[in-house]
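Scope of the values below: all heavy atoms of this structure, side chains included, with no hydrogens, waters or symmetry mates. Sequence lines set the chain letters: A, B, ... in the order given, protein chains first and strands last, and positions in each chain run from 1.
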Amino acid sequence: MPSTTDSQRMPLADRLRRGLSNGRITSVLILLPPALILFTLFVMLPLLESGYYAFFDWNGYGEPTDYVGLENFERIVGHSVFHTAAANTGKIIAVSLIVQMPFALLLALLIYRKTPTNAVFRLIFFLPYILAEVAAGLIWSFVFDGNYGVTASIAEAFGAESLFILADRDWAFVAILTVILWKYFGFHMMIYIAALQGVSNDQIEAARIEGATRLQVVRYVQIPAIKPAIAVSAFFAIIGALQVFDVIIPLTNGGPSNTTHTIVTYLYTFGLTRLNIGFGSAVGVILFAVAVTIAVFYQRVFMGRSES
Amino acid sequence: MAEVRLNNLTKRFGSVTVIPELDLTVPDGSFTVLVGPSGCGKSTLLRIIAGLETPTEGSVEIGGADVTREEPSNRGISMVFQSYALYPHMTVAQNIDFGLRLSKTPAAEREERVAEAARILSLEPLLDRKPGQLSGGQRQRVAIGRSIVRQPKVFLFDEPLSNLDAALRSQMRVELAQLHKSITTTMIYVTHDQVEAMTLADQIVVMNAGRIEQVGAPMELYDKPQSEFVAAFIGSPKMNLLPGKAVQHDEVETVGIRPEHIRADTEDGDWPGTATIVEHLGADTMAHVKADELGDLIVRLPGHTRLSAGDRVFLTPERENLHLFGKDGRRMELNV
């Protein structure tokens, strides 16, 4: 690229003059500060502060003075509820990748073509995603209610004993996974639908002429063509799984016996509600580190490759 | 190799009739070009032959067998698309090999056939590349290679050259003609470019609004167009179409005369006029003339004709080369 080399060779003053005259530097000077200021004030500073608080035993009032070093981190690592929360977060990631994404892809393949019927189905499947998380949680808490809910009616119809799923240590988190699956599959489905609509129809027809079955078209033509979209959707699934919070609070609030916490509800319950701001900050730092590591690793390994 | 027959074919999309009713025979081993303006139904017809569209009525026969309800893959056809339809994630070799892999052809045979196709199309050095790394012409050759390896009874081409630039287009045209000569399989080729039709075809099918206007050899269509539409569509520059009064015959609505069938003189002739634009092309000179009574005409004159815009010019048509069309637009055989 000769133009780049030329501009690199040019003296700084000349480059600045040219930048000012063609408006590039001016637009940068005008447009960058608001975003930069907002990002610094509301993202970078709180982040750095919580990194700082993580080393204190602090209840959130006054200045943090009780420096405890890595004690908060030690407590987290040794806390069995944190282990459960981390395992639950892992389960959400696994279910998102192994169950939710294939399910969303299957539905997308069924309804990606632009027809009026498909538009209706798309809307129906997308509805759970539009719904506020807390509202969704409340709706499902009624569904799972052992006295008056749908599960109660079903149990009654079969003459079985009433089920209190959300109060059952073995089944409560399964119920939560179901709600998460229901809530977010529409989002992934929409990503796939948009990608599938971009696949050239000629390629699909060419494959049909070559003798490909419907399944082979999906396997050899459509899925490879939408790989970048799958990579993006998996990325959102993982990052989203790390942040699950508002669905759980109205459903179980982390119970029974702290078995349904995720890392974020753990942070909220043991950090914020118990006024252990230093401890909560330490959980936040761990979560942030994990999220950044995954994001960087994922971008490098999967998304870079799929783009090339 | 196979003959393709379309019997009483009709195609409707909802209430829109794209092909009213059509019969066509594509002879075994011929290079048949379907040509017509955009939206005339030629691509739909090709897709019906391929099995990508189902006819509303009528039947499709390939090699004597009725394939109207057959899947595209069971018809013994292969198709080259305008967009090439290559798979971007597969290498050239994998693209060519795709159909054979699906049909579970033995590996040794697959390799042999891919190598043979690559040799015919000079693709050997490119076999490991992805389509994204190829030029338009190379991609086109890969698409053709993918068709060749299947050893189809009929090749279908849907405007395969329209995405290429002019120079590459004429080069690929020659390559396609050579390919047809070497493999002598029936080829059906759709284009809106009459130059492609004239240069490639053994048989041209001119279509207009879903109907066949005329079927014939290129020069047959050029010399004896059966309708005003064919007369105007085939030939470059276009045939001059003049009002019937040019021949003073009541039944004649339109008179056609090709640019090369008009003589020009500076002193005497049947149709006086004024030259408006004169294009010197080297071997030929194209003169656009505004005839006093008949309107605009194009005349093809020898390369070194001395004529400038604004000059008075007298045109005389070669009577034996006049084409006469009646009120219905059909050809009339009359002596005028």
Measure A/Gln216 against the heavy atoms of chain B and call it side chain, backbone, both or neither at under 4.5 Å.
-> side chain

Nearest heavy-atom contact between A/Ile209 and B/Leu52 is CD1-CD1, 4.0 Å

Is there a side-chain contact between A/Glu205 and B/Arg47 (heavy atoms, below 4.5 Å)?
-> yes

Should we count CZ of A/Phe297 as having more than 12 external heavy atoms under 6.0 Å?
-> no

Contacting moiety of B/Leu86, where chain A heavy atoms sit under 4.5 Å | backbone

Under 4.5 Å between any side-chain heavy atoms of A/Tyr220 and B/Phe98, yes or no?
-> yes

A/Leu215 CG: over 12 foreign heavy atoms closer than 6.0 Å | no

Find the one option among B/Met90, B/Arg150, B/Met79 whose heavy-atom pairs under 4.5 Å with chain A are most numerous.
-> B/Arg150

Any residue meeting side-chain contact (heavy atoms from CB on, under 4.5 Å) with A/Leu97, in chain and number order, not counting sequence neighbours | A/Ile93, A/Met101, A/Ala234, A/Ala237, A/Ile238

Which pair of non-hydrogen atoms, one from B/Ser73 and one from A/Gly211, has the smallest distance, and what is that distance?
-> CB-CA, 3.2 Å

Residue-level contacts of residues 101-139 of chain B with chain A, using a heavy-atom cutoff under 4.5 Å | B/Arg101, B/Leu102

Taking atom CZ of A/Arg214 as the centre, report whether more than 12 heavy atoms of other residues, nucleotides or ligands fall under 6.0 Å from it.
-> yes

Residue, of A/Ala212, A/Ser200, A/Pro224, that accumulates the most heavy atom pairs under 4.5 Å with chain B = A/Pro224

Spell out, as yes or no, whether a donor-acceptor pair under 3.5 Å connects the side chain of B/Tyr87 to the backbone of A/Gln203.
-> yes

